[in-house]
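Data first, discussion second: the structure below is written as structure tokens.
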Protein chains: 2
Amino acid sequence: MTVMESAPVTAPAKPRNCAGLRDGPRRPDGQDQYTISEVVGLTGLSAHTLRWYERIGLMPHVDRTHTGQRRFTNRDLDWLSLVGKLRLTGMPVADMVRYAELVREGPATFAARERLLTAHREDVRQRIDELRDTLAVLDYKIDLYADARLGSEGEL
Amino acid sequence: MTVMESAPVTAPAKPRNCAGLRDGPRRPDGQDQYTISEVVGLTGLSAHTLRWYERIGLMPHVDRTHTGQRRFTNRDLDWLSLVGKLRLTGMPVADMVRYAELVREGPATFAARERLLTAHREDVRQRIDELRDTLAVLDYKIDLYADARLGSEGEL
DNA sequence: TAAAGAGCTGGAGTGCACTCCAAGCAAGCG
DNA sequence: CGCTTGCTTGGAGTGCACTCCAGCTCTTTA
């Protein structure tokens with residue numbers, strides 16, 4: 001079976017664990033040259049998505065071979081790991097692009113980057129609270145159904 | 001200023017708190033007859049969304065006046081509260097519709113409903129864990145930026 | 001009773017985040 | 001040399017969850 005261009009249709013294991021890199025076959029700095037399909041394997045993102053990230057300005061600047069093929073580095077992998085986490089926590093792509101721009105502009109934007117991340121952290125905290133609230137409702141409802149089930153069994 | 005049909009363009013406070021109903025002017029059971037715009041005020045959902053929910057089968061069955069206008073009840077408000085929580089926790093609308101169907105089918109579906117809710121609860125728990133993991137990364141990054149800021153201030 | 005305002009419908013449009021397509025180049029192999 | 005495989009591009013298409021529109025009816029206020 002050959003490596004296909006598109007993302008797998010039948011989910012391989014769980015695509016949920018795309019946040020952090022499956023850090024296995026990572027090459028030492030200096031010889032870190034990954035093709036796009038290697039990065040697909042390492043990140044779980046599709047090649048389409050990786051190219052799209054670059055097009056919209058979400059990648060710091062990806063190296064190319066003399067024939068124009070992308071060669072990703074360990075640094076790119078680290079960046080994609082961060083992007084994956086931000087995405088998983090619901091940061092809009094536009095905000096991530098904004099953050100990427102700030103990174104490209106250099107150390108002068110440290111304060112702005114800190115503000116952006118701090119605002120997002122506040123968002124994430126609120127969302128955790130929301131989720132916990134709902135968990136309580138869910139527990140309550142599930143208990144109701146469980147009780148009803150046990151009750152009807154008792155009647156048999 | 002009159003009450004407009006569509007959702008407010010300039011966000012009133014934060015539209016985030018749409019999960020639970022702002023339980024204020026809730027009428028006693030028996031006289032619980034709310035127009036669509038009253039429900040908009042109570043839930044924070046737009047009238048469009050309320051009609052759309054009904055169209056796709058996400059509402060249990062909304063009463064109508066003799067001229068065809070919707071009249072929502074306290075029961076509908078409770079349902080919308082649950083829907084709001086499920087939506088906030090990322091349950092796809094299709095799953096919520098499935099749950100609504102089960103509710104319409106009566107007590108025979110208790111077990112199925114319990115399974116659906118239990119699966120979602122597992123989802124929510126996992127998401128909380130993901131968010132907490134990212135929170136740690138965020139803390140780390142923010143600390144880095146804060147340290148850098150303090151360091152450069154010290155140099156002045 | 002006339003005008004303004006709220007509600008109704010089916011269907012079209014929007015924004016986000018991908019996701020895919022078609023056509024074409026480049027490297028490796030028998 | 002030709003074939004397969006992998007990578008390239010711009011642009012079009014998809015799915016979700018709304019969001020809005022046009023044209024109408026109904027209700028309330030002056």
Side-chain angles (χ1 to χ4, degrees), chain A residues 1-11 15 18-19 33-41 43-59 62-72 80 83-84 86-98 100, chain B residues 1-11 15-16 18-19 33-59 62-72 76 80 83-98 100:
Chain A
M1 190 187 173
T2 60
V3 176
M4 285 287 102
E5 169 75 6
S6 29
V9 176
T10 56
C18 304
Q33 298 269 287
Y34 307 90
T35 66
I36 199 164
S37 60
E38 283 172 326
V39 177
V40 166
T43 63
L45 296 167
S46 76
H48 297 303
T49 301
L50 287 168
R51 295 196 196 102
W52 180 66
Y53 277 2
E54 194 181 344
R55 248 193 295 182
I56 64 174
L58 191 46
M59 291 300 298
V62 180
D63 291 347
R64 301 292 182 120
T65 66
H66 66 107
T67 58
Q69 292 197 2
R70 289 172 184 80
R71 287 298 176 267
F72 294 84
L80 284 169
V83 164
L86 294 178
R87 192 186 52 130
L88 222 50
T89 50
M91 183 185 278
V93 168
D95 289 6
M96 296 197 281
V97 170
R98 176 79 193 119
Chain B
M1 189 186 172
T2 60
V3 176
M4 285 286 103
E5 170 75 7
S6 27
V9 176
T10 55
R16 265 286 164 86
C18 307
Q33 298 269 288
Y34 306 91
T35 66
I36 198 164
S37 59
E38 283 172 326
V39 177
V40 166
L42 287 165
T43 63
L45 296 166
S46 76
H48 297 302
T49 301
L50 287 168
R51 295 195 198 104
W52 180 67
Y53 277 1
E54 193 182 345
R55 248 195 293 184
I56 64 175
L58 191 46
M59 292 300 299
V62 180
D63 290 348
R64 302 290 183 121
T65 65
H66 67 107
T67 59
Q69 291 198 1
R70 288 171 184 82
R71 288 297 178 265
F72 295 84
D76 294 328
L80 284 170
V83 164
K85 282 183 199 306
L86 295 179
R87 192 185 53 130
L88 221 51
T89 51
M91 182 185 278
V93 167
D95 289 6
M96 295 196 283
V97 170
R98 176 80 193 116

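Every chain is numbered from 1, with letters handed out A, B, ... down the list of sequences. Since we're looking at a predicted model, the values are computed, not measured.
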How far apart are the closest heavy atoms of [X] and [Y], and which atoms are they?
X: B:M96; Y: B:R87; result: SD-N, 4.0 Å
X: A:V93; Y: A:L58; result: CG1-CD2, 4.4 Å
X: A:G57; Y: A:A100; result: O-CB, 3.6 Å

How many whole angstroms separate atom [atom1] of [X] from atom [atom2] of [N]?
X: B:L50; N: C:dC8; atom1: CG; atom2: C1'; answer: 14 Å
X: A:Q33; N: D:dC7; atom1: CD; atom2: C1'; answer: 16 Å
X: A:R51; N: D:dG10; atom1: CZ; atom2: C1'; answer: 12 Å
X: A:H48; N: D:dT8; atom1: NE2; atom2: P; answer: 12 Å
X: B:M59; N: C:dC8; atom1: CE; atom2: P; answer: 12 Å

Applying side-chain contact (heavy atoms from CB on, under 4.5 Å) to A:L80 and A:L50, what does each step give before you reach the verdict? CA-CA 9 Å; A:L80 284 169; A:L50 287 168; 3.7 Å; yes
Run the side-chain contact (heavy atoms from CB on, under 4.5 Å) check on A:V83 and A:M91 step by step: do they pass? CA-CA 9 Å; A:V83 164; A:M91 183 185 278; over 6 Å; no
Is any side-chain nitrogen or oxygen of [X] closer than 4.0 Å to OP1 or OP2 of [N]?
X: A:R70; N: D:dC7; result: no
X: A:T35; N: D:dC7; result: yes
X: A:R64; N: D:dT9; result: yes

How would you list all residue pairs meeting salt bridge (Lys or Arg N to Asp or Glu O under 4.0 Å) that involve residues 37-49 of chain B, not counting sequence neighbours? B:R27-B:E38
Would A:R71 and A:T35 satisfy side-chain contact (heavy atoms from CB on, under 4.5 Å), going step by step from the backbone distance to the final call? CA-CA 5 Å; A:R71 287 298 176 267; A:T35 66; 3.7 Å; yes
Every protein N/O within reach of nucleotides 11-18 of chain D N/O, cut-off under 3.5 Å:
| unit_1 | atom_1 | unit_2 | atom_2 | d |
| --- | --- | --- | --- | --- |
| D:dG11 | N7 | A:R55 | NH1 | 3.1 |
| D:dG11 | O6 | A:R55 | NH2 | 3.2 |
| D:dA17 | OP1 | B:V93 | N | 3.3 |
| D:dA17 | OP2 | B:V93 | N | 3.4 |
| D:dC18 | OP1 | B:R87 | NH1 | 3.3 |

Strictly under 3.5 Å: I want the nitrogen or oxygen pairs between protein and nucleotides 24-27 of chain D, one per line.
| unit_1 | atom_1 | unit_2 | atom_2 | d |
| --- | --- | --- | --- | --- |
| D:dC26 | O3' | B:T67 | OG1 | 3.4 |
| D:dT27 | OP1 | B:T67 | OG1 | 3.3 |

